[in-house]
*Asks:* 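Before I ask anything, here is the structure I am working with.
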Amino acid sequence: MHSEQRARAARRLAQDGIEHALFASPLSVRWLTGLDVPGGSAENPALLWYEQGEFTLLVENSFAAQAVAFGTQKGCKVRDYLGYTIQQPIDKAGRLARLLAEVAEAGLEDTDVIGIETQSLSLNLWWAVRRLLPGGYDLTPIDGWLEPLRAVKTAEEIATIREGFRLTDIGHIAGRAAVQAGAQSGAREIDVWTAVQSAVEQAAGKRMELGNDCIVGHRPTNNIGGPPGDIVIRPNDSFILDLSVIHNGYWTDSCATYYAGEPTAQQVTLHNFVEEALAYAISLVKPGAVAKEIDQKVRDFMAKGGYKVYPHHTGHGIGLTGHEAARIVPYNEEVIQPGMVIMLEPGIYFPGVTSVRLEDGMLVTETGAEVLSGHDKSLP
């Protein structure tokens with residue numbers, strides 16, 4: 001697993017003549033190995049050492065079996081260090097640094113260049129690395145080097161994202177039903193979220209991490225987005241459900257606007273227009289398109305329709321995080337490529353009254369876009 005990602009990383013390092021590298025970002029470790037461990041940069045429970053085309057995953061012993069189960073032994077060695085113990089003080093950073101020194105020193109010369117993701121190293125581990133690898137090594141920051149490579153997804157990443165969208169669609173079915181019944185039952189935003197969370201977890205058969213927005217349209221100051229709260233759904237209320245499901249470390253995203261009872265005439269007009277805007281946006285996605293040009297064309301479409309243009313992005317990529325390249329925003333000159341997975345989400349907002357946003361996710365193909373999200377965004 002993830003052999004294509006490791007090959008991409010090796011080619012990128014070779015371009016700058018770097019034969020040794022230390023990947024410390026949890027996102028980099030996950031992208032290169034498939035292993036998702038908790039703790040993040042605060043603890044650095046896992047590091048990935050690269051040496052002349054070979055990768056070695058350094059991981060806490062409690063995750064070693066998971067690493068092997070993920071198949072990281074195929075083209076990626078696994079070495080583990082002692083994490084939790086009752087026999088001696090817990091010293092994860094010290095043990096991990098010593099393991100790194102043991103793995104790295106065998107193949108290092110004093111004049112070698114080591115690429116290193118410095119921003120993701122905890123301070124304790126950073127000093128341990130410098131102490132244990134004292135020679136004349138040239139430590140070269142490589143923070144952010146993998147992010148452009150992550151934009152174009154591999155076949156196994158796309159398969160994971162497809163399954164994530166299947167779960168997202170299930171969440172939307174539950175969300176639509178909860179909103180439609182909400183005005184009669186006195187339901188709140190958090191009740192809708194609870195129904196969505198339960199439906200997704202029942203389908204997945206395990207605890208799942210979900211994200212994004214779950215809000216009524218009559219919020220007085222910010223009816224664009226936010227976490228669900230103790231706000232009651234009113235009759236004829238609009239309700240934005242912007243839902244992400246994180247499946248095996250990969251994000252999906254999606255948005256629909258639902259209605260408590262029959263939508264008003266204004267809501268019908270707004271909803272139909274945003275549907276047109278989203279369809280237009282999707283039609284612009286193709287290899288060679290420029291991100292900022294897509295953004296501008298969709299904003300122009302909204303303005304020509306007589307609506308105040310939304311203050312957020314037109315869209316964004318997804319993958320290991322909810323917002324990745326390519327960002328569909330005014331400044332971005334990035335060129336769209338086949339294999340990218342992009343979200344598009346125009347919206348119209350009248351604070352204190354109503355709001356409408358619709359969002360689809362799509363895989364960029366050689367000829368255009370394949371929509372991956374299947375949730376029902378239509379009017380009731």
Side-chain angles (χ1 to χ4, degrees), residues 147-155 157-158 161-162 164-165 168-169 172 212-213 224-225 240-244 250-257 269-319 321-349 355-379:
E147 291 178 15
L149 305 183
R150 284 167 32 198
V152 175
K153 306 301 187 275
T154 67
E157 287 179 300
I158 292 170
I161 292 171
R162 286 184 188 276
F165 273 116
T168 304
D169 294 345
H172 272 285
N212 300 356
D213 309 315
I224 294 177
I240 286 179
L241 178 60
D242 193 325
L243 180 62
S244 290
Y250 282 82
W251 284 65
T252 59
D253 200 354
S254 58
C255 187
T257 301
T269 299
L270 298 179
H271 197 109
N272 287 337
F273 184 80
V274 175
E275 277 191 326
E276 294 176 13
L278 178 57
Y280 174 64
I282 293 171
S283 75
L284 300 173
V285 175
K286 60 192 68 175
V290 178
K292 72 175 187 179
E293 294 176 2
I294 296 174
D295 178 86
Q296 188 59 56
K297 288 177 181 178
V298 180
R299 292 182 191 277
D300 289 345
F301 184 93
M302 303 297 292
K304 289 176 182 177
Y307 294 103
K308 182 179 179 180
V309 178
Y310 46 86
H312 51 73
H313 48 240
T314 296
H316 56 90
I318 57 168
T321 68
H323 288 182
E324 295 193 350
R327 296 190 70 206
I328 313 301
V329 289
Y331 74 83
N332 191 15
E333 297 182 354
E334 187 170 1
V335 176
I336 304 302
Q337 304 176 58
M340 288 181 168
V341 179
I342 293 175
M343 309 302 306
L344 294 170
E345 50 181 325
I348 301 172
Y349 310 96
S355 56
V356 178
R357 182 166 73 251
L358 304 175
E359 180 182 30
D360 267 325
M362 62 222 64
L363 170 66
V364 182
T365 68
E366 295 291 342
T367 57
E370 175 196 351
V371 176
L372 301 178
S373 47
H375 60 299
D376 182 3
K377 300 175 293 298
S378 65
L379 286 163

*Asks:* Please determine whether a side-chain nitrogen of the Lys or Arg among Glu370 and Arg162 lies less than 4.0 Å from a carboxylate oxygen of the Asp or Glu.
*Replies:* yes
*Asks:* Hey, are Thr257 and His271 close enough side-chain-wise for a donor-acceptor pair under 3.5 Å?
*Replies:*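 Distance-only check fails for His271 and Thr257.
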*Asks:* Give a yes or no on whether a salt bridge exists between Lys377 and Glu275, defined as a side-chain N under 4.0 angstrom from a carboxylate O.
*Replies:* no
*Asks:* Listed by chain and number, what are the salt bridge (Lys or Arg N to Asp or Glu O under 4.0 Å) partners of Asp253, not counting sequence neighbours?
*Replies:* none
*Asks:* Would you check if the side chain of Thr252 reaches a backbone N or O of Ser244 as a donor-acceptor pair within less than 3.5 Å?
*Replies:*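 Answer holds: no.
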*Asks:* Does Arg327 offer a backbone N or O that forms a donor-acceptor pair with the side chain of Asn332 under 3.5 Å?
*Replies:*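 Judged by distance alone, yes, a pair lies under 3.5 Å.
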*Asks:* Quick one: does Lys153's side chain have a donor or acceptor within less than 3.5 Å of a partner on Ala151's backbone?
*Replies:*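 Yes, Lys153 side chain to Ala151 backbone: donor-acceptor pair under 3.5 Å.
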*Asks:* Give a yes or no answer on whether the side chain of Ser373 reaches the backbone of Gly361 with a donor-acceptor pair at less than 3.5 Å.
*Replies:* yes
*Asks:* Taking all heavy atoms of Val364 and all of Val285, pick out the closest pair and write down the distance.
*Replies:*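 It is CG2-CG1, 3.8 Å.
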*Asks:* Can you check side-chain hydrogen bond (donor to acceptor under 3.5 Å, both in side chains) on Gln296 and Asp300, steps first, answer last?
*Replies:* CA-CA 6 Å; Gln296 188 59 56; Asp300 289 345; 2.8 Å; yes
*Asks:* Does Lys286 use its side chain to pair, donor to acceptor, with the backbone of Glu366 at less than 3.5 Å?
*Replies:* no
*Asks:* According to side-chain hydrogen bond (donor to acceptor under 3.5 Å, both in side chains), does anything in residues 305-314 pair up with another residue at least two apart or in another chain? List the pairs.
*Replies:* Asp295-Thr314, Tyr310-Thr314, His312-Tyr349, His313-Glu345
*Asks:* Going through the checks in order, is the side-chain contact (heavy atoms from CB on, under 4.5 Å) test met by Ile240 and Cys255?
*Replies:* CA-CA 7 Å; Ile240 286 179; Cys255 187; 3.7 Å; yes
*Asks:* Looking only at heavy atoms, what is the nearest atom pair of Ala277 and Met302, with distance?
*Replies:*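 Closest approach of Ala277 to Met302, heavy atoms only: CB-SD, 3.6 Å.
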*Asks:* Could you tell me whether a side-chain N or O of His316 sits under 3.5 Å from a main-chain N or O of Val329, the two making a donor and an acceptor?
*Replies:* no
*Asks:* Between Asp169 and His375 (side chain of the first, backbone of the second, donor and acceptor by atom type, cut-off under 3.5 Å), is there such a pair?
*Replies:* yes
